[in-house]
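In this text, all values refer to a predicted model and were calculated from it rather than measured experimentally. FYI, the numbering just counts along the sequence from 1.
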Amino acid sequence: MTTTTHLRALQALELALRRGSLKLAAAELAITPAAVGQRIKSLEDYLGFDLLVRGRSGIRSAPELQRATGHLHAAFRELDTVCRLLDFQRLNEIHITADSDWASLWLEPRLDAFRALSPNTQFCVNGIGDVPARLGDADCEVVLANAASPDMGNALFTDYLVPVVSPVNRQRIADLPSATRLDGFPLLHLDSYTIESGDVGWSEWIAKFGHRKEPPAHGIRYKRITHALEAVCADSGFIICGLGLVQQQLDSGELTLPFPLAEGIWSRNTYRAQFTERALARGPVRKFRDWLLTESQLIDSEIAERVAMSQRSDKRPARGN
């Protein structure tokens, strides 16, 4: 069997012939035209004759190369086919479609931690990121699904819904009577919880924990949690939000809890991740899946432990009761 040598030089030669110039070949290879010329010159020196001649329409095959030109182009077309079938270009790319709030508040702040473990991995999340989006070709999909639907991919975590507020507004209500502490303060509403997923809203929370004479009849509504949190941070109101999504803002002091942690309700929905079989054939995707599950389960356990401790101290019913 004959061993193919000078593969990089042959690649430069084929591209130069196909594109008609060293400059265009260099652009495709991401090297300089001089580097393309050097690769071809090394091959000419090895063979002992010229491979290219220049004409008015650009470069073309020298007489000694003409018999092999068709085979040269065919060989690199076949190599391109092999790379496409084996997903060489996507080997380290991970394309994710996800619940936009989960992606912004939970995933993106943690991606640097994964990149430290796998520095060559590139991401595209909801069409934005290191690499261009591939329409209808996601490797992973993360959705907020009913907790009673365990057949939808891998469970990540179930969030715990609590009121969150800015430190300024927390101070404003600190000395008010508990029974009417929220009276007169704007309560913001999340459609992604109350309308789209049938989850906990202010009416249900106030009916259980009080702090207001009557449930709010109206209020500003938001489709995205991230947009609502911008208003909360600007001291514009209170919001009920998942603890797992805002833990970093709570840790930094940007947001705070106006009531004990025990005064929360477990979500009726669970974040779940689904990976395609084709994607899981690639090592980087499997590594990301394992990291995602481990990180999510760690967060899930931490939230459950904190809530259980708060409920024990407050003597409220534990999770699931």
Side-chain angles (χ1 to χ4, degrees), residues 1-97 111-112 114-125 127-140 275-289:
M1 179 179 178
T2 302
T3 302
T4 301
T5 59
H6 301 279
L7 189 58
R8 293 175 65 194
L10 287 168
Q11 180 191 35
L13 176 65
E14 192 274 335
L15 268 175
L17 285 169
R18 181 150 47 93
R19 299 304 184 197
S21 78
L22 300 184
K23 183 178 180 180
L24 293 176
E28 191 159 335
L29 291 172
I31 58 178
T32 65
V36 173
Q38 288 171 2
R39 290 185 186 182
I40 296 173
K41 181 66 165 57
S42 69
L43 191 57
E44 290 176 329
D45 290 343
Y46 177 77
L47 294 172
F49 52 79
D50 292 338
L51 295 170
L52 300 176
V53 294
R54 294 185 178 276
R56 292 183 179 179
S57 59
I59 58 176
R60 54 186 174 82
S61 301
E64 291 83 356
L65 178 61
Q66 288 178 359
R67 287 190 307 161
T69 300
H71 298 287
L72 180 66
H73 290 315
F76 278 93
R77 282 197 301 271
E78 288 299 312
L79 282 175
D80 286 341
T81 301
V82 170
C83 293
R84 186 173 63 255
L85 292 174
L86 294 179
D87 255 352
F88 274 18
Q89 290 184 341
R90 290 200 56 194
L91 184 60
N92 292 320
E93 294 179 11
I94 299 179
H95 292 249
I96 301 169
T97 60
L111 276 185
D112 283 345
F114 179 78
R115 288 190 177 101
L117 301 173
S118 185
N120 294 324
T121 303
Q122 297 182 308
F123 286 91
C124 179
V125 182
I128 301 173
D130 306 320
V131 291
R134 292 173 180 265
L135 185 63
D137 196 19
D139 303 308
C140 169
F275 290 83
T276 66
E277 291 185 9
R278 181 182 179 186
L280 289 175
R282 308 200 320 266
V285 177
R286 292 195 302 274
K287 187 173 184 178
F288 173 73
R289 178 200 59 186

Check the orientation of Y46 and H6. Use parallel for under 30°, tilted for 30 to 60°, and perpendicular for over 60°. tilted

Is there a side-chain contact between V285 and C140 in this structure, where contact means two heavy atoms from C-beta onward sitting under 4.5 Å apart? no

Exercise. For residues R39 and I31, determine if any side-chain heavy atom of one lies less than 4.5 Å from a side-chain heavy atom of the other.
Key: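 With C-beta onward as the side chain, the pair touches.
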
Between atom [atom1] of [X] and atom [atom2] of [Y], what is the distance when rounded to the nearest 0.5 Å?
X    : Y    : atom1 : atom2 : result
Q11  : I40  : CD    : CD1   : 11.0 Å
F288 : D139 : CZ    : CG    : 9.5 Å
L7   : L79  : CG    : CG    : 7.0 Å
K41  : L13  : NZ    : CG    : 14.0 Å

Please report the shortest heavy-atom distance between [X] and [Y], naming the atom on each side.
X    : Y    : result
T69  : S61  : OG1-OG, 2.7 Å
H95  : E93  : NE2-OE1, 3.1 Å
A16  : L22  : CB-CD2, 3.9 Å
L52  : A62  : N-CB, 3.9 Å
I94  : P284 : CD1-O, 3.7 Å
K287 : L117 : NZ-O, 2.9 Å

Salt bridge (Lys or Arg N to Asp or Glu O under 4.0 Å) pairs touching residues 12-36, sequence neighbours excluded, are E14-R18, R19-E28

**Message:** Using side-chain contact (heavy atoms from CB on, under 4.5 Å), reason through T121 and R115 one step at a time and then give a plain yes or no.
**Reply:** CA-CA 7 Å; T121 303; R115 288 190 177 101; 5.9 Å; no

Practice problem: Please step through side-chain contact (heavy atoms from CB on, under 4.5 Å) for the pair L15 and F76, ending with a clear verdict. | Solution: CA-CA 9 Å; L15 268 175; F76 278 93; over 6 Å; no

- Tell me, with the steps shown, if N92 and Q122 meet side-chain contact (heavy atoms from CB on, under 4.5 Å). CA-CA 6 Å; N92 292 320; Q122 297 182 308; 5.8 Å; no

query = Is the number of heavy atoms from other residues, nucleotides or ligands under 6.0 Å of I128 CD1 greater than 12?
reply = no

The side chain to side chain donor-acceptor pair (under 3.5 Å) partners of T97 (sequence neighbours excluded) come to none

